[in-house]
Amino acid sequence: MPQNTLTITRPDDWHVHLRDGDALVDTVPAMSRYFGRAIVMPNLLPPAVTPEQAGAYRERILAARPTGSRFEPLMVLYLTEGTTVDDIRRAKASGFVHAVKLYPAGATTNSQSGVTDLSKVDAVLNEMADCGMPLLIHGEVTHSEIDIFAREKVFIDTVLTPLVAKHPTLRIVLEHITTADAVEFVRNAPEHIGATITAHHLLFNRNHMLAGGIRPHYYCLPILKHSRHQAALIQAATSGNPKFFLGTDSAPHAIGAKESACGCAGAYTAHAAIELYAEVFEAANALEMLEGFASHFGADFYDLPRHSDTITLVRKPWSVPASYPFGGQQVVPVRANEQLDWQVQA
Ligand SMILES: NC(=O)N[C@@H](CC(=O)O)C(=O)O
Ligand SMILES: [Zn+2]
Ligand SMILES: [Zn+2]
């Protein structure tokens with residue numbers, strides 16, 4: 001008999017894009033259905049680079065919460081070569097900035113204000129190590145001559161390994177990992193280095209995106225890899241190792257920006273995040289490992305209390321709509337028009 005219900009501590013999302021402006025009335029209610037907290041990415045245009053900008057963004061998110069919602073956005077500073085030690089001190093003192101995000105310039109959506117040379121932010125990284133502020137990393141190199149499927153591994157070898165050697169006490173989250181190489185790196189790294197894993201990198205590999213036709217809604221960064229890497233991610237997520245925790249990287253783009261000759265990177269999963277992870281964990285015969293991954297390990301890493309209430313998943317098949325409203329436009333979700341087994345009890 002398959003298990004038909006699963007009750008877990010309320011989960012959090014340790015990596016999400018809520019966007020800004022008109023989109024918030026759609027993205028914030030979707031994210032706050034059952035997630036208690038979320039680490040909100042700062043890659044806006046212009047990016048949230050100071051604690052004051054992050055605070056103003058936080059207020060816009062709070063204003064978009066449904067009545068009665070206790071969803072808590074955890075804010076992140078966007079690291080630039082102009083970030084100062086004082087920015088980090090004010091961020092730490094704010095109480096609402098929980099991390100700083102490194103986008104190698106040019107690596108992904110709205111990363112053009114990111115860092116080209118890590119040595120330029122050395123003093124900032126020292127301050128972060130001193131005050132215990134985590135550095136969240138989009139871990140890909142950007143040189144045009146490096147193959148897109150190799151960019152994560154090359155980043156680990158040429159940027160991350162020297163960074164960890166230079167800043168041995170800096171807390172780091174390697175975000176949305178996509179390779180067996182990243183799994184191995186994080187597993188062997190000290191305790192204060194962790195990683196988030198998305199639902200789509202657990203569910204899909206590059207064949208889903210490219211075999212039998214090119215499917216732009218599977219295009220995200222870091223790009224989907226060979227199924228061998230997908231298998232390593234599933235193993236890591238379901239292993240019970242607390243270094244690996246839930247980060248959806250739900251990254252909505254309007255339908256026209258995806259279905260295009262040059263489509264944007266990002267997969268939208270906030271409509272069914274825990275439901276999609278449950279599917280992966282069940283297929284791996286590891287439903288009992290979902291709670292640690294989704295609800296415990298991220299909070300522990302960020303030194304935040306675990307939630308004291310729960311949510312219940314029930315096996316109750318439903319069809320994912322073809323699209324959802326998104327800031328006056330539409331976004332196509334992962335698994336559009338397909339059936340999902342799990343849903344969260346209202
Ligand atoms: N993951 C993506 O493919 N896109 C993200 C940016 C990011 O997280 O790299 C986005 O903001 O659209
Ligand atoms: Zn990223
Ligand atoms: Zn992201």
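Sequence positions, counted from 1, serve as the residue numbers for this chain. In listed order, ligands and their atoms are each counted from 1. Values reported hereafter were calculated over all heavy atoms of this structure, with side chains retained and with hydrogens, waters and symmetry mates removed.
Nearest protein heavy-atom neighbour of atom 9 (O) of ligand 1: Thr108 OG1, 2.7 Å. Of the protein's heavy atoms, Ala265 O, 3.1 Å lies nearest to atom 4 (N) of ligand 1. Residue, atom and distance of the protein heavy atom nearest to atom 1 (N) of ligand 1 are Asp249 OD2, 2.7 Å.
Distances from atom 2 (C) of ligand 1 to the heavy atoms of Leu221, Leu44, Ile223 show the closest one on Leu221. Distances from atom 12 (O) of ligand 1 to the heavy atoms of His138, Arg19, Met41 show the closest one on Arg19.
With a heavy-atom cut-off of 4.0 Å, Asn43 touches ligand 1 through its side chain alone.
Counting only N and O atoms by type, the side chains of Arg335 and His200 include no donor and acceptor under 3.5 Å apart. Side chains of Asp86 and Thr84: no donor on one and acceptor on the other come within 3.5 Å. Side-chain contact of His226 with Asn205: a donor-acceptor pair under 3.5 Å is absent, judged by distance alone. In the model, Lys225 has no side-chain atom that pairs as donor or acceptor with a side-chain atom of Thr179 under 3.5 Å.
Close approach to Cys220 involves these atoms of ligand 1, each under 4.0 Å from a residue heavy atom: 3 (O). Close approach of ligand 1 to His253 is summarised as follows: ligand atoms under 4.0 Å from at least one heavy atom of the residue are 12 (O). Remark: ligand 1 atoms within the under-4.0 Å shell around heavy atoms of His176 are 8 (O), 9 (O). Ligand 1 places these atoms under 4.0 Å from at least one heavy atom of His15: 8 (O).
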Problem set entry | Chi angles and distances behind the side-chain hydrogen bond (donor to acceptor under 3.5 Å, both in side chains) call for Glu275, Trp318 | CA-CA 11 Å; Glu275 299 88 334; Trp318 61 290; 5.5 Å; no
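Proximity of Asn110 to Tyr103: side-chain heavy atoms (C-beta onward) are nowhere separated by under 4.5 Å. A heavy-atom distance below 4.5 Å is found between the side chains of Phe149 and Ile223. You'll find the side chain of His307 reaches within 4.5 Å of the side chain of Asp12, heavy atoms only. Side-chain contact between Ile274 and Leu246: present, with at least one pair of heavy atoms (C-beta onward) separated by less than 4.5 Å.
Nearest N/O/S atom of His138 with respect to the Zn ion (ligand 2) is recorded as ND1.
Metal site remark for the Zn ion (ligand 2): His176 contributes an N, O or S atom at a distance under 2.8 Å. Between the Zn ion (ligand 3) and His17 there is an N/O/S contact shorter than 2.8 Å. Under 2.8 Å from the Zn ion (ligand 3) lies an N/O/S atom of Asp249, whether from backbone or side chain.
Looking at Phe293, Phe297, Phe301 one by one, the single match for ring pair (Phe, Tyr, Trp, His ring centres under 6.0 Å) with Phe245 turns out to be Phe301.
Among the atoms of Ala251, none of the N or O lies under 3.5 angstrom from an N or O of ligand 1. The N/O atoms of Lys101, backbone and side chain alike, include none that comes under 3.5 Å of an N/O atom in ligand 1.
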